[in-house]
2 protein chains.
Amino acid sequence: MAQQQRAANTREAIVTGAATAFQAHGYGMTSLAEIAEASGVTKGALYFHFDSKEAIALAVIDAQHAAAGTIGVALHESGTTGIAATLTASFAFARQLRENPIARAGIRLTLEASSFQTPVVGPYLDWIAWIEGYLVEAAAAGDLREEVNPSTLAHLIIPAFTGVQMVSEVLTHRDDIYQRVEELWLLLLPGTVPPDRWEQIRELLARIRREVSEQP
Amino acid sequence: MAQQQRAANTREAIVTGAATAFQAHGYGMTSLAEIAEASGVTKGALYFHFDSKEAIALAVIDAQHAAAGTIGVALHESGTTGIAATLTASFAFARQLRENPIARAGIRLTLEASSFQTPVVGPYLDWIAWIEGYLVEAAAAGDLREEVNPSTLAHLIIPAFTGVQMVSEVLTHRDDIYQRVEELWLLLLPGTVPPDRWEQIRELLARIRREVSEQP
DNA sequence: TGACAAAAATACCGTCTGGTATCTTTTACG
DNA sequence: CGTAAAAGATACCAGACGGTATTTTTGTCA
């Protein structure tokens with residue numbers, strides 16, 4: 001194992017460049033030539049690091065999955081749990097989608113990758129399980145209405161959130177995404193949280209939204 | 001204008017065949033050869049009826065848009081309005097997406113077409129405006145909480161619904177779609193409808209869902 | 001510094017792509 | 001029925017595609 005650093009840099013440049021291209025045109029309409037140009041490398045480097053175009057796309061999906069994972073780690077380290085973790089995660093995720101090409105490409109590719117040789121469903125299942133974990137905590141803290149099932153709710157939140165993201169991208173290039181996410185939560189609140197917690201969680205929501213949109 | 005019937009048939013076959021191909025592989029990963037084969041015509045016929053691959057995709061989107069429009073017409077003719085129209089439309093739409101390749105292709109292409117030469121945003125805006133109309137009726141009938149803005153709600157329902165559709169396609173090929181749509185409404189109900197209407201609308205929801213899944 | 005492997009650039013390949021040009025069949029209508 | 005236009009099939013094209021083979025550069029360490 002001689003030098004790894006340069007190779008690691010190149011690999012990262014490829015993933016980032018590929019993400020930029022995929023995010024703009026989708027998998028099928030992006031050529032290896034575009035990826036090479038966006039990455040600032042040649043096709044030779046592409047095929048030194050990856051076996052195929054599909055492998056590059058899977059690497060981008062992996063990178064987004066890893067980036068999303070850091071949100072969970074940060075929440076864990078700050079001791080955030082339950083409803084607060086759910087809300088914070090959703091805004092942090094939205095922020096990644098606004099600012100990180102890898103995140104944008106990842107969510108687009110994950111939708112398109114259902115027609116890959118090996119369909120990709122892992123990320124959705126992981127995100128659903130992840131949110132479900134927070135919701136179980138929320139239920140234990142009395143922040144969830146009794147008739148609400150954490151698994152069912154998680155199976156709805158992830159798709160609804162995904163759709164809000166995608167349509168916001170199409171209509172406004174995600175300019176309105178924080179507003180839409182906040183509105184989605186406000187709308188879901190009465191159906192998911194006991195009335196005596198509404199006021200408190202509405203304040204929490206407003207604070208999280210303020211923080212995410214003010215962050216540098 | 002000599003004969004139109006044969007040409008109209010061929011055109012329809014192309015749109016249907018193209019939809020089948022697009023729905024399975026997306027725009028970029030579908031070739032004209034596949035479309036021709038799925039349609040049972042040759043490339044010559046393709047280019048007699050359409051100027052380009054993109055024009056075919058736009059025709060598929062148009063066809064889906066038209067099919068969705070028939071839902072609105074049927075509701076109008078049966079005098080259904082307000083909340084009942086909103087709920088019925090959502091299940092009818094889900095049904096089209098389960099059973100009609102054109103609908104499935106349309107929703108997929110509408111998402112991908114944001115990177116077309118001429119980005120397509122019309123369908124989303126139309127659907128939002130359409131649902132908003134029903135919600136205004138609902139508000140007039142006292143079926144909407146006062147603090148809920150029909151436009152805001154419509155801007156959330158369409159994306160959330162779209163996301164539920166797409167993720168259900170990826171995870172279960174839409175096997176669970178009626179259940180997910182019903183759960184989505186049950187979750188949104190407390191935040192959107194006054195408490196004194198809950199029971200009534202829950203029954204309505206159950207009936208509509210039963211009808212749609214029993215329909216031949 | 002020389003040798004050697006890792007990393008990446010260059011050059012190349014067969015195939016398939018979207019698209020066009022041309023020829024053949026079908027059908028309406030005088 | 002003949003014929004002209006409409007509809008569609010066949011044949012073809014230049015270029016781009018994903019992918020490979022080969023060569024050059026870069027860095028490491030004896």
Side-chain angles (χ1 to χ4, degrees), chain A residues 1-61 105 109 112-113 115-118 120, chain B residues 1-61 105 109 112-113 115-118 120:
Chain A
M1 52 166 112
Q3 68 266 31
Q4 307 170 318
Q5 192 52 52
R6 186 173 54 131
N9 289 346
T10 304
R11 207 195 123 102
E12 196 188 320
I14 292 173
V15 171
T16 304
T20 305
F22 282 141
Q23 166 260 325
H25 312 120
Y27 180 81
M29 288 157 61
T30 300
S31 71
L32 290 177
E34 283 179 80
I35 296 177
E37 196 191 332
S39 312
V41 302
T42 61
K43 242 192 291 188
L46 248 54
Y47 274 90
F48 176 79
H49 288 277
F50 300 96
D51 287 341
S52 65
K53 183 183 170 184
E54 194 170 306
I56 299 178
L58 293 175
V60 172
I61 292 177
L109 289 173
E112 296 188 6
S115 34
F116 276 13
Q117 277 192 329
T118 313
V120 176
Chain B
M1 51 166 110
Q3 68 267 27
Q4 307 168 320
Q5 192 52 52
R6 185 175 55 133
N9 289 347
T10 303
R11 207 196 123 101
E12 196 187 321
I14 292 174
V15 171
T16 304
T20 305
F22 282 141
Q23 167 259 325
H25 312 120
Y27 179 81
M29 289 156 92
T30 300
S31 71
L32 289 177
E34 284 178 80
I35 296 177
E37 196 191 332
S39 313
V41 301
T42 61
K43 241 192 292 187
L46 248 53
Y47 274 88
F48 176 79
H49 286 277
F50 299 97
D51 287 341
S52 66
K53 183 183 171 185
E54 195 171 305
I56 298 177
L58 293 176
V60 173
I61 292 177
L109 289 173
E112 296 187 7
S115 33
F116 276 12
Q117 277 192 329
T118 312
V120 176

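Not measured: the values here are computed from a predicted model. So you know, we letter chains A, B, ... as the sequences are listed, proteins then strands, and number each from 1.
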Please tabulate, one pair per line, all N/O donor-acceptor pairs under 3.5 Å involving side-chain atoms of residues 16-27 of chain B, not counting sequence neighbours.
unit_1	atom_1	unit_2	atom_2	d
B/T16	OG1	B/E12	O	3.0
B/T20	OG1	B/T16	O	3.0
B/H25	ND1	B/E34	OE1	3.1
B/Y27	OH	B/E54	N	3.2

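Atom CG in A/D51 sits roughly 10 Å away from atom P in D/dG19 (whole-Å rounding). Between A/K53 atom NZ and C/dT17 atom C1' there is a gap of 12 Å when expressed in whole angstrom units. The distance from atom CG of B/L32 to atom P of C/dG19 is 6 Å, rounded to the nearest whole Å. Protein atom CG of A/L46 is 20 Å distant from nucleotide atom P of C/dC12, rounded to whole Å. The CD atom of B/E37 sits 13 Å away from the P atom of C/dC16 (whole-angstrom rounding). Rounding to whole angstrom units, CZ of residue B/F50 and P of C/dG18 are separated by 15 Å. Atom CD1 in A/I35 sits about 11 Å away from atom P in D/dC17, given to the nearest Å. Atom CZ in A/F48 sits about 21 Å away from atom P in D/dG18, given to the nearest Å.
In the displayed structure, A/D51 atom CG is contacted under 6.0 Å by at most 12 heavy atoms of other residues, nucleotides or ligands.
Side-chain atoms of A/K43 come within donor-acceptor range of the base of D/dG19, with a qualifying N/O pair under 3.5 Å.
Within the 4.0 angstrom heavy-atom criterion, no nucleotide atom of any strand lies near A/S39.
The CD1 atom of A/I56 sits 4.0 Å away from atom CG of A/L46, with the distance rounded to the nearest 0.5 Å. Interatomic distance, A/T42 OG1 to A/L32 CG, rounded to the nearest 0.5 Å: 12.0 Å. In this structure, CD1 in B/I61 is found 5.5 Å from CZ in B/F116, a value given to the nearest 0.5 Å. In this structure, B/S39 OG and B/H49 NE2 are separated by 10.5 Å, a value rounded to the nearest 0.5 Å.
Remark on the helix from C/dT1-D/dA30 to C/dG30-D/dC1: inter-end axis angle 0°, axes from five-pair C1' superpositions, rounded to 10°.
Among the nucleotides C/dA8, D/dT10, D/dC17, the one closest to the side chain of A/A33 is D/dC17. When distances are taken from the side chain of A/T10 to each of C/dA8, C/dT26, D/dT10, the shortest belongs to C/dA8. Among C/dA8, D/dA9, D/dA7, the nucleotide with an atom closest to any side-chain atom of A/A45 is C/dA8.
Between A/H49 and C/dA8, a side-chain N or O to OP1/OP2 separation shorter than 4.0 Å is present. Dashed line: the shortest gap from a side-chain N or O of A/S31 to OP1 or OP2 of D/dC17 is under 4.0 Å. Not one side-chain nitrogen or oxygen of A/Y47 sits closer than 4.0 Å to the OP1 or OP2 atom of D/dT20.
Between A/F48 and A/T10, the closest side-chain pair of non-hydrogen atoms is not below 4.5 Å.
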